[in-house]
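Inspection log for the structure reproduced underneath, given as structure tokens.
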Amino acid sequence: MTLECQVYTESFNLFFNPVVWHKTQHHEECPISMMVKTMEPFASDQRFKPSFAPPSPTMLKYLFELSVNNLTAEDSGNYSCQIYGSFNMVEASVTYYVSVRVHPRQMIITSKNSMHHMRQHTSGKDDELVVTEKKNVTIGCTVIGGFPLFDVEIFIGHKNVTNRFSIARTSHNRGSKCMRAAEQVVERWSHTVSVLAEDDGSLLKCIVTVPGLSPNVTSIPLVVRFLPVIDCLPARASVGDTQFNLTCRIKARPEVISLYWTIKGLNVSDRQLNNEYYTSVRDSPDGILETKLYIRNVTSENFHTYTIFAENVIGSNHKDVVLQRKFPSRTSSTTREIFLVGMELLQNGSSGEISVLSRTINSQESRSVFETLLFNSAFTLLPFHTSIVSSLVFAFVFKLLYLTEAIFRFCNY
């Protein structure tokens, strides 16, 4: 920083008109230099350099300069160049109002977790903050220094959570006379910070932005302890499929200590075998546990809900997986395939699945076979001693149901 004091005159006598630089700070005034001689305490600092340039022959301008190198917060203040005359009176002066923008000198993240351990984190330290999902934890960010007034923002990952935090500001002056700095202390804190499993691995960031300067950031990684999170793939199979599997992926911190499937009250654990089911478990490279429940040979009785249970020291979680039936496709299924599926559904009394199957029929031949199946099978489903009249009535009802389904399909197309 270089401050200029220019004097335009035909004659100027430095002996009778001395030039003095002054600094005023917090109602305290100190001389910096007399002509080109630096006064204390500025001389010891060695950053303040007064200079004088005599006028050129063509321009009667006297130039006095004060250079300050490596500005600090203590250099803020009012700088005046004063020219004295007779009787030690100030005949001319110019004043510069200097405000030095400075970054904070310290930023601290403080936390108090559920185990009542105090942690502090400042820039440059390798640390992490361990918290439990959905449990409140006390977190604070303290910023010391920085000028002018600034704000403090708190982020968890990319989420701005500043509105959850209270704020308090204090300030004081530090340093000696005329070399003081106004230092502020800003604190943001909250006793009710709650994180989710999705925040695991995110950074808790304290961001300070001094107007006119680049942001200052201090951060600490979050390690979130959470219940097992279970994600299962959709499951669809056809009767007769072999070695079919239901697949689920489990993420948990700490690791899973118990994992099993429940099938109609039967628990099937890791690699446990029985006549109908068996399981497998493996760790994937991304740290996620993958479990599969295998069905050796899919029958119509396998189409129901399966439940996967996972537990760690935080607690347990579960998820239901519904194995849905995959019917023959519209274009590739043969008449025999449709006939066999329809017969099985009729024998099991699965009227809802019959309706679904009817929507998959595409060819005229398959429609004819399905219609005959519905009509003729009505007789075989009745007890032997049922009267012919009752059989005809029952068959007529089946025929009516199919015609209704056909009309419904026609309207939808």
Side-chain angles (χ1 to χ4, degrees), residues 1-106 143-151 171-186 208-216:
M1 175 182 73
T2 299
L3 307 178
E4 292 185 349
C5 181
Q6 301 178 9
V7 180
Y8 294 87
T9 180
E10 293 182 357
S11 62
F12 186 77
N13 191 316
L14 294 177
F15 182 79
F16 293 107
N17 304 104
V19 177
V20 181
W21 283 96
H22 289 267
K23 180 182 179 182
T24 303
Q25 190 184 65
H26 303 292
H27 306 290
E28 298 172 339
E29 185 174 337
C30 302
I32 300 174
S33 67
M34 176 72 73
M35 301 301 290
V36 292
K37 180 182 179 181
T38 307
M39 314 294 287
E40 291 295 345
F42 304 98
S44 300
D45 190 85
Q46 298 183 348
R47 296 184 300 113
F48 294 80
K49 305 292 183 182
S51 61
F52 165 68
S56 65
T58 58
M59 177 177 284
L60 300 178
K61 181 181 75 170
Y62 295 80
L63 179 62
F64 300 89
E65 293 183 333
L66 175 65
S67 298
V68 185
N69 300 321
N70 303 321
L71 291 175
T72 66
E74 290 80 1
D75 297 328
S76 294
N78 301 335
Y79 293 79
S80 298
C81 173
Q82 298 176 340
I83 301 175
Y84 289 83
S86 49
F87 305 106
N88 204 30
M89 298 292 292
V90 177
E91 294 189 353
S93 69
V94 61
T95 300
Y96 293 90
Y97 302 93
V98 177
S99 178
V100 181
R101 302 177 188 271
V102 293
H103 291 282
R105 63 183 181 88
Q106 192 173 18
V143 182
I144 303 173
F147 187 85
L149 290 177
F150 56 81
D151 197 9
S171 62
H172 64 276
N173 295 326
R174 60 178 177 85
S176 57
K177 182 181 179 180
C178 293
M179 297 290 286
R180 304 188 192 280
E183 185 168 79
Q184 58 178 325
V185 178
V186 180
V208 175
T209 305
V210 176
L213 299 179
S214 59
N216 292 79

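Excluded from the calculations below are hydrogen atoms, water molecules and symmetry mates; all remaining heavy atoms, backbone and side chain alike, are included.
- The side-chain heavy atoms of Pro50 and Phe64, taken from C-beta on, include no pair separated by under 4.5 Å.
- Met179 has its side chain within reach of Phe42: a pair of non-hydrogen atoms, C-beta onward, lies under 4.5 Å apart.
- If you take OG on Ser44 and CE on Met39, they are separated by 12.0 Å, rounding to the nearest 0.5 Å.
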Quick one: do Ser214 and His103 satisfy side chain to side chain contact (heavy atoms under 4.5 Å, CB included)? Show the steps, please. CA-CA 9 Å; Ser214 59; His103 291 282; 3.7 Å; yes
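- Taking CE from Met1 and CG from Asn70, the interatomic distance works out to 11.5 Å, rounded to the nearest 0.5 Å.
- In this structure, Pro104 and Val210 have side chains that are in contact, with non-hydrogen atoms separated by less than 4.5 Å.
- Exactly one of Asn69, Asp75, Thr38 qualifies for a side-chain hydrogen bond (donor to acceptor under 3.5 Å, both in side chains) with Arg47. That residue is Asp75.
- Side-chain atoms of Lys23 come within 3.5 Å of backbone N or O of Cys178 as a donor-acceptor pair.
- Looking at heavy atoms from C-beta onward, Phe150 lies in side-chain contact with Val143 at the 4.5 angstrom threshold.
- Separation of atoms CG (Asp45) and OG1 (Thr72) is listed at 7.5 Å; rounding is to 0.5 Å.
- The existence of a salt bridge linking Glu28 and Lys177 is excluded, since no basic side-chain nitrogen approaches an acidic carboxylate oxygen closer than 4.0 Å.
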Side chain to side chain contact (heavy atoms under 4.5 Å, CB included) for Met35 and Val19? Distances and angles first, verdict last. CA-CA 5 Å; Met35 301 301 290; Val19 177; 4.2 Å; yes
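- Nearest approach of Val68 to Leu71, heavy atoms of both residues: CG1-CD2, 3.8 Å.
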Kindly determine whether Val100 and Val98 satisfy side chain to side chain contact (heavy atoms under 4.5 Å, CB included), including the steps that lead there. CA-CA 6 Å; Val100 181; Val98 177; 4.0 Å; yes
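- Closest heavy-atom contact between Met34 and Pro18: SD-CB, 4.1 Å.
- In this structure, the separation between NE2 on His172 and CZ on Arg174 is 7.0 Å, given to the nearest 0.5 Å.
- At a threshold of 4.0 Å, the pair Glu65-Lys49 does not count as salt-bridged, since none of the basic side-chain nitrogens sits closer than that to a carboxylate oxygen.
- Ring geometry for Tyr62 against Phe52 counts as parallel: the plane angle stays under 30°, on a 0 to 90° scale with 60° as the upper cut.
- We find the OH-OG1 distance between Tyr96 and Thr2 to be 10.0 Å, quoted to the nearest 0.5 Å.
- Here the side chain of Asn78 pairs no donor or acceptor atom with the backbone of Tyr97 at under 3.5 angstrom.
- The shortest heavy-atom contact between Ala182 and Phe147 is O-CD1, 4.5 Å.
- Side-chain contact check for Ser176 versus Glu74: every heavy-atom pair is 4.5 Å or farther apart.
- In this structure, a donor-acceptor pair under 3.5 Å is absent between the side chains of Ser80 and Gln82.
- Atom CD of Glu183 is separated from atom CD of Gln106 by 9.0 Å, given to the nearest 0.5 angstrom.
- Between Pro148 and Arg101, some side-chain heavy-atom pair lies under the 4.5 Å cut-off.
- The nearest pair of heavy atoms linking Gly175 to Arg180 is O-NH1, 2.7 Å.
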